[in-house]
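Written below as structure tokens is the structure these notes are about.
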Amino acid sequence: MDYVGGSNASGNLPYPNLIQKFAHQNQHAFFKEPVGERSASTLIRTEKDVLDELVEQHCPTFGSLSPAYEQILGGKKPQQLTFFRENRGTADHGLGRDDEDNYECAKYNILRHPRPEDYNNPDYIRAPGPVTGLNAAYLKLANYPKIAGAVMSAPLLPTRGPGSQLPGHFQISKAQQPSALTRVFEMPELCEKLMVEVGHRWGDLSNLSRTCQTVMFAINKVSTRVDLTTGNFLNLEFTDEEIAKETAKATEEQRKRGDIPVYVSASFVIVSNIRGQYKEAQDGEGDSNEYGYPAFPKGTYDRPCAAARLLDISRLLKSIHNRGSQMKILHLHTVPNLDIVVLMKCLRELPNLEVLGVHNCELLHFGTTVRFLKAIIRHNKKPGYKRVRSDFSPYYYTGPNRLYKAYKGEFGVVPSDHGVVDTRRAMAAILYEAIPLALNHDIDWFTPGTGMRHFLDRIPFALGTVRYILEAIYNLYDFETGVTCPKYYFPLFGEVRFAMQRTLYNDLILAVNGKPMDSGSLKAMTTRGPDFHLVRCSTCNAELPSYFFTTMSMTRQASQIECCGCQLRKMLEGQVDNFFQEKKRALEMIFDDKNARFKSMEEFLHSTRVASDAEIADPQFGFWALSVMTRKEFRESDASGGSPGALVLDGRPGPDHPSDVKKIYIWKEQTSKAMDYAYEHIEDARNKVNDTIAECHRRIQVLDYEYHAGIDYSWEITENRDTVDKLERYIDQTLAQSDLGQMAGKHGTRVAPSWEVEIERYRQLVQAQVGVLQNHGPYNTVGDSAPTGFW
């Protein structure tokens, strides 16, 4: 449900635009400076001082210093608030949109993040009620991809071809496209040239494909689609010699049927899962609940197991090794078992690659952004390789929203909120490191139309802040590199320069916070004693205001202080959700190289060892699956001669056979071990989850019985309760590990923003402004179970 505008036919929002509303009322609740219509009598700007005048005189491109406003509150001492600057200089970084306010407010449409136990009506002004018409149709997408007649089966790939009238086809044409556009995209050479130009910007490419059916089908015509669901690599994993050899063996009848290996172009390759048709239950789907939320889907569609996924990564490596020199554009979408190590191995085999897109791959979360960026930079510095224009969308965590009893929220950047890291501050800290790195090497990941910007726009940041968080970091980069004004320009030296720096960091803090802040508190975040001061992170060496560090981290020694961004990286790397650790371990087993044998992909795919006689005689050892020589080749070879007793088990070479026929591929052996590990620790664990949880509940019941029956010593009581807490925590962890639930902080602590909370806050603000919700002041809460003490 990745649309931007509202569900109205006019394209307008189905609810008031809060950003525009802040222009007239409640200005202190929005982070941007009150200017023009947004100024009000309750907010009075403080007078400019000498520093303001010096900056305006000597560096007009910088803009103003942080504006402070006094808020008059009923005759009390006025509170001084600092806002995000309206005058930020003359630089335009291309981070905004023409319809910025409308785009940002459209994210808060409840139909984008529907709830099973709420009226998902985006008409926030009226009292909640059931959805109807087009809104009801949107609500059915809550079961996606388990819905019949889905139009798309993969990124850029329609389920049905042009002109098809089967379920899942496009709607009837609404308008005739210009003939010039049609001709350009119907010429494969020109179409491929266009893909080279826009293929590194996923947002632009996907929007282009939705322009009309002609464009989408033309893109599919010039690209080669690898299907990870069925493991169909279209012979890319075989060399030309291997294909020619198999073709030569084909019979005349096979040739007439076309049942022979074929060559495919490797110039533009898209690797992704392709969903099969959803198989509806024979007795039909269930009815929607009282809120109109669709019933849990009873049908199925085929998905490969975790062990089979490991074979795909080996096929991918073989394909890139054999066809890498032909690849110009490579898109990797939702590829399982792809991490930075595997990506770097792939890049070594792609000397002519010009465009690389990596999107929503499970092991490449937001914490890997800087590592991914550094890998691209290193690749682009290699002699003999073309410069790669890249795009990256980290993995987006939606949460198990259909299992709403175990569902705690859609956080986007993390699978579960452990109550430890404020993800807004943490993401800003990582961007603070990533953006200068990208700008230094002419890499654009953050303007509208890129995959990374699309990912950031999906995260529940405060209303209307994403663009300005990025802009604040861009402005800091320009200031530090001397673009805004020379570093050692005398009139702006010393105290004036510190004031300018503080202003830029204030902008970043206020944009992340989403609201103005008390001026004194804000200044304290960049001050030590009388001087301007930033805190250094001992892990990433970034220097940031104290706002981006937890209180606990700030109390440690300097060598142990860690910013929120590094804490987020560690949390993402250490997550247990959806068997993340087991998947990482299985992938590591494939590339286990303790003896440093694999200097290149060539060595990895062709390194062999001689299997011992004991291994060959072991029925559990899959010799023929790993052997360099096939069973047929061995039988036809001279080495297979001799008495039948010389062979063991299913015709395997015996002790008397030469070592050449006992060779096995090391990568196949390691992949086989990784698959066994995946079967045991992922598939079996998923099947046993109910038994594991039942056993935990049984132990909790026993402990509760002992507790209520009476325990003699206090230390035994403490031990009893601690054990119950550990078991309950283990149940949450087991559910999260199997992707059946989410973990929470101790005692339910939550600090990561979620879309559910943000949308509810938006809806309440709208209803308060139009008078649906009214605050009648405090009331006596004694004996009342109301969540607040206000009417």
query: What's the verdict on ring-ring contact (aromatic ring centres under 6.0 Å, His included) for Y108 and W755, showing C-alpha distance, side-chain angles and the deciding distance?
result: CA-CA 8 Å; Y108 293 81; W755 275 117; 5.4 Å; yes
query: Is the backbone of Q742 close enough, under 3.5 Å, to the side chain of S416 for a donor and an acceptor to pair up by distance?
result: no
message: Does either side chain, that of Q575 or that of Y397, offer a donor lying less than 3.5 Å from an acceptor on the other one?
response: yes
field: Heavy-atom pair with the smallest gap, counting every atom of G199 and L205
entry: CA-CD2, 4.2 Å
task: Answer yes or no: is there a side-chain heavy-atom contact under 4.5 Å between L228 and F233?
output: yes
query: Heavy atoms, side chains only, cut-off 4.5 Å: are Y138 and L141 in contact?
result: yes
- line: Exactly one candidate in S267, S223, S265 meets side-chain hydrogen bond (donor to acceptor under 3.5 Å, both in side chains) with E192; the answer is S267
query: Which heavy-atom pair separates P297 from N143 by the least distance, and what is that distance?
result: CD-OD1, 3.4 Å
task: Look only at the side chain of R453 and the backbone of L95, and say whether a donor-acceptor pair between them is shorter than 3.5 Å.
output: yes
- request: Scan for salt bridge (Lys or Arg N to Asp or Glu O under 4.0 Å) pairs involving residues 352-379, sequence neighbours excluded, and state none if there are none.
  value: E354-K386, E362-K583
query: Do T229 and R275 have side-chain N/O donor and acceptor atoms under 3.5 Å apart?
result: no
message: Donor-acceptor pair, distance only, cut-off 3.5 Å: does the side chain of Y762 make one with the backbone of L463?
response: no
query: Between the side chain of N121 and the main-chain N/O of V131, is any donor-acceptor distance below 3.5 Å?
result: no
query: Which atom names give the shortest non-hydrogen contact between D204 and P448, and what distance separates them?
result: OD1-O, 4.4 Å
message: Could you walk me through whether V414 and L572 satisfy the side chain to side chain contact (heavy atoms under 4.5 Å, CB included) test, starting with their C-alpha distance in whole Å, then the side-chain angles of each, then the deciding distance to 0.1 Å, before giving a yes or no?
response: CA-CA 7 Å; V414 291; L572 288 169; 3.9 Å; yes
message: Rounded to the nearest 0.5 Å, what separates atom CD1 in I320 from atom CZ in R348?
response: 12.5 Å
task: Indicate yes or no: at least one non-hydrogen side-chain atom of V341 is less than 4.5 angstrom from one of L587.
output: no
message: For D118 and Y293, which I'm curious about, is there any donor-acceptor pair between the side chains at under 3.5 Å?
response: no
message: When you compare the side chain of I469 with that of R424, does any pair of heavy atoms fall below 4.5 Å?
response: no
message: Tell me if a side-chain donor or acceptor on R323 pairs with a main-chain N or O of F238 at a distance below 3.5 Å.
response: yes
query: Should N220 and R225 count as side-chain neighbours, where that means a heavy-atom distance under 4.5 Å?
result: yes
Lys/Arg-Asp/Glu bridge criterion (N-O < 4.0 Å) met for R115, E760: yes
query: Is K221 atom NZ crowded by more than 12 heavy atoms from other residues, nucleotides or ligands, each under 6.0 Å away?
result: no
field: side chain to side chain contact (heavy atoms under 4.5 Å, CB included) between E573 and H365, worked out
entry: CA-CA 9 Å; E573 281 298 313; H365 48 70; 2.6 Å; yes
- prompt: Can you tell if the side chain of R183 reaches within under 4.5 Å of the side chain of L190, non-hydrogen atoms only?
  reply: no
message: Could you check whether any side-chain N or O of N17 sits under 3.5 Å from a backbone N or O of Q20, counting only pairs where one atom can act as donor and the other as acceptor?
response: yes
query: Taking atom NZ of K193 as the centre, does the number of heavy atoms from other residues, nucleotides or ligands within less than 6.0 Å exceed 12?
result: no
- request: Measure across T224 and V264 and return the closest heavy-atom pair with its distance rounded to 0.1 Å.
  value: CG2-CG2, 4.1 Å
query: Is a salt bridge present between R467 and E471, judged by a nitrogen-to-oxygen distance below 4.0 Å?
result: yes
- request: Report the distance from atom CE of M601 to atom CG of L317, rounding to the nearest 0.5 Å.
  value: 4.5 Å
query: Can you name the nearest heavy-atom pair linking P753 to E758, along with the distance?
result: CB-OE2, 4.2 Å
task: Ignoring hydrogens and angles, tell me if any N or O in the side chain of D391 forms a donor-acceptor pair with the backbone of G451 under 3.5 Å.
output: yes
field: Test item: Y15 side-chain N/O and R763 main-chain N/O as donor-acceptor pair under 3.5 Å
entry: no
task: Given side-chain hydrogen bond (donor to acceptor under 3.5 Å, both in side chains), test Y477 with N440 step by step and report yes or no.
output: CA-CA 10 Å; Y477 173 82; N440 279 331; 2.7 Å; yes
query: Between L236 and R315, is a side chain to side chain contact (heavy atoms under 4.5 Å, CB included) present by the stated rule, with each step listed?
result: CA-CA 9 Å; L236 287 175; R315 294 191 186 105; over 6 Å; no
query: Once you round to the nearest 0.5 Å, how far does CG of D101 lie from CD1 of I19?
result: 4.5 Å
query: With under 30° as parallel and over 60° as perpendicular, where do the rings of Y385 and H379 fit, or are they tilted in between?
result: perpendicular
statement: Which of L350, L347, I329 passes side-chain contact (heavy atoms from CB on, under 4.5 Å) with L356? It is L347
task: Check whether any side-chain N or O of N380 sits under 3.5 Å from a backbone N or O of V388 as a donor-acceptor pair, and report yes or no.
output: yes
message: Can you confirm whether E237 sits close enough to S319 that some side-chain heavy atom of one is under 4.5 Å from a side-chain heavy atom of the other?
response: yes
task: Work out which heavy atom in S288 is nearest to a heavy atom in P294; give both atom names and the distance.
output: OG-CA, 3.7 Å
task: Starting at CG of L157, measure out to OG of S272 and round the result to the nearest 0.5 Å.
output: 7.0 Å
query: Between K107 and D457, is there a salt bridge with N-O shorter than 4.0 Å?
result: yes
field: Approximate separation, where rounding is to 0.5 Å, of M152 CE and S209 OG
entry: 6.0 Å
query: Would E285 and K140 pass as an ion pair if we require N to O under 4.0 Å?
result: no
message: Which label fits F366 and F455: parallel for a plane angle under 30°, tilted from 30 to 60°, or perpendicular past 60°?
response: parallel
- prompt: In Å, rounded to the nearest 0.5 Å, how long is the span from CG of L208 to CZ of F185?
  reply: 4.5 Å
query: Any side-chain heavy atom of Y278 sitting closer than 4.5 Å to one from I147?
result: no
message: Distance alone, cut at 3.5 Å: any donor-acceptor contact between the side chains of R309 and N273?
response: yes
message: Whether the side chain of H441 engages the backbone of I443 through a donor-acceptor N/O pair (distance < 3.5 Å, no angle test) should be reported.
response: no
message: Does K318 form a salt bridge (Lys or Arg N to Asp or Glu O under 4.0 Å) with E242? I'd like the steps, not just the answer.
response: CA-CA 13 Å; K318 286 187 68 178; E242 289 173 322; 5.4 Å; no
query: If you count the non-hydrogen atoms of other residues, nucleotides and ligands that lie under 6.0 Å from CZ in R387, is the total more than 12?
result: yes
task: Mind running side chain to side chain contact (heavy atoms under 4.5 Å, CB included) on I110 and Y124 for me, showing each step along the way?
output: CA-CA 9 Å; I110 195 169; Y124 297 159; 3.6 Å; yes
